[in-house]
Number of protein chains: 2
Amino acid sequence: MAATQKLKADLYAPLCPSRTVLDHLMSRWGVLVLLVLLERTWRFRELGRKVGGVSEKMLAQTLQHLEVDGFVRREAFPEIPPRVEYSLTPMGREAAQRVQGLALWVEANVGRVLSARAVGAKKVAARRSAS
Amino acid sequence: MAATQKLKADLYAPLCPSRTVLDHLMSRWGVLVLLVLLERTWRFRELGRKVGGVSEKMLAQTLQHLEVDGFVRREAFPEIPPRVEYSLTPMGREAAQRVQGLALWVEANVGRVLSARAVGAKKVAARRSAS
DNA sequence: CAGTATCCTACACGATACTG
DNA sequence: CAGTATCGTGTAGGATACTG
């Protein structure tokens, strides 16, 4: 009892908890944080600067979600000034690697997508004006 | 000229187009649509029912984003009643497979995450009350 | 069926100020 | 430094009605 659930998870079911897990992993900032953490351990501000464009609030919130879900480990050192280090748990590393798989593909293929957009945007626009 | 871009894409740069590509792929409904399309070709309503919980508006918008980006092919048949079929392009399949990699991991590991949450939520809550 | 157009609201998110 | 608290706003996204 209390063992890890074996009842089938189903992303297509709106109420399935797997949706919230996926939401945390794929959130705007969640993705970037995971990628950065894959590289090494970081302090809070350091992480913020590395990600680029994230506010303190969202960084804190994102890290808490990932910590609660067991993807990120937070270690606070009782010093002055305070120092807190964030790293991936083993499970976090597993998930982050999958995220990285997609991220690397995107970085490598933005060019193809941008080319596709040039023609794709017109097709969609044409349908709208044909009303 | 007009060749696919080779200039380095950087997800950490807020202005890099790769961010919008990733946003489309990882959006709430984008993920689910890609997973479903990986299975086979679907009609509009069919797709909506399969995904579960998506509104017409969001389904149409999501499909358009993916179509514009060159991930999804839309084929309309001049019949009455109208029939429109959506499928993945070869590039869409490449991306969708990466998305699937993460999705399958999540479905298989929700149990571990749920267990982690039981203890993780308390740790975070404890910090807040210790103010 | 396959959408589009309109309206409306909850909340995601940023900016700012403050605490330990 | 490492956050939390508060406030204000833009917009993602749902509900509904309508078109071809």
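Proteins get letters first, then strands, A, B, ... in listed order; numbering begins at 1 in each.
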(request) Examine distances only and state if a side-chain atom of A:Glu107 and a backbone atom of B:Leu11 form a donor-acceptor pair shorter than 3.5 Å. (result) yes
(message) Check the orientation of B:His65 and B:His24. Use parallel for under 30°, tilted for 30 to 60°, and perpendicular for over 60°.
(response) parallel
Side-chain N or O of [X] less than 4.0 angstrom from OP1 or OP2 on [N]?
X: B:Gln64; N: C:dT4; result: yes
X: A:Arg128; N: C:dG3; result: no
X: B:Gln61; N: C:dG3; result: no
X: B:Arg45; N: C:dG3; result: no
X: A:Arg74; N: D:dG3; result: yes

(message) Classify B:Tyr86 by what it touches in the nucleic acid, base, sugar-phosphate, or nothing, heavy-atom distance under 4.0 Å.
(response)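 Touches sugar-phosphate only.
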(request) Quick one: look up who C:dA10 pairs with, Watson-Crick or G-U, both distances under 3.5 Å, and put none if it's unpaired. (result) D:dT11
(message) Going by purine N1 to pyrimidine N3 plus the second Watson-Crick contact, or the G-U wobble pair, all under 3.5 Å, which nucleotide sits opposite C:dG20?
(response)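 For C:dG20, the partner nucleotide comes out as D:dC1, under the 3.5 Å rule.
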Take the protein atom [atom1] of [X] and the nucleotide atom [atom2] of [N], then report the distance between them rounded to whole Å.
X: A:Trp42; N: D:dC1; atom1: CH2; atom2: P; result: 15 Å
X: B:Glu85; N: C:dA2; atom1: CD; atom2: P; result: 9 Å
X: A:Arg127; N: C:dA5; atom1: CZ; atom2: P; result: 12 Å
X: A:Arg43; N: D:dG3; atom1: CZ; atom2: C1'; result: 13 Å
X: B:Phe77; N: C:dG3; atom1: CZ; atom2: C1'; result: 17 Å
X: B:Asp23; N: C:dC13; atom1: CG; atom2: P; result: 10 Å
X: A:Arg49; N: D:dG3; atom1: CZ; atom2: P; result: 13 Å
X: A:Leu47; N: D:dG3; atom1: CG; atom2: C1'; result: 14 Å

(request) Side-chain contact test, heavy atoms from C-beta onward, threshold under 4.5 Å: evaluate it for A:Lys122 versus A:Arg117 and give yes or no. (result)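 Not in contact.
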(message) Does any part of the side chain of B:Tyr12, heavy atoms only, come nearer than 4.5 Å to the side chain of A:Arg49, both counted from C-beta?
(response) no
(request) Indicate the atoms forming the closest heavy-atom contact of B:Gly70 with B:Thr89, along with that distance. (result)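 Looking at all heavy atoms of both residues, the shortest contact is O-OG1, 2.7 Å.
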(request) Grab the two heavy atoms, one from A:Ala96 and one from A:Leu88, that are nearest each other, plus how far apart they are. (result)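 Reported closest heavy-atom pair: CB-CD1, 3.9 Å.
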For nucleotides 14-18 of chain C, which of its nitrogen or oxygen atoms have a protein nitrogen or oxygen under 3.5 Å away, and what is each distance?
residue, atom, partner, partner atom, Å
C:dG14, OP2, A:Ser55, OG, 3.2
C:dG14, O6, A:Lys57, NZ, 2.6

(request) Could you verify whether a donor N or O on one side chain and an acceptor N or O on the other, from B:Glu85 and B:Trp42, lie under 3.5 Å apart? (result)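 B:Trp42 and B:Glu85 do not have a side-chain donor-acceptor pair below 3.5 Å.
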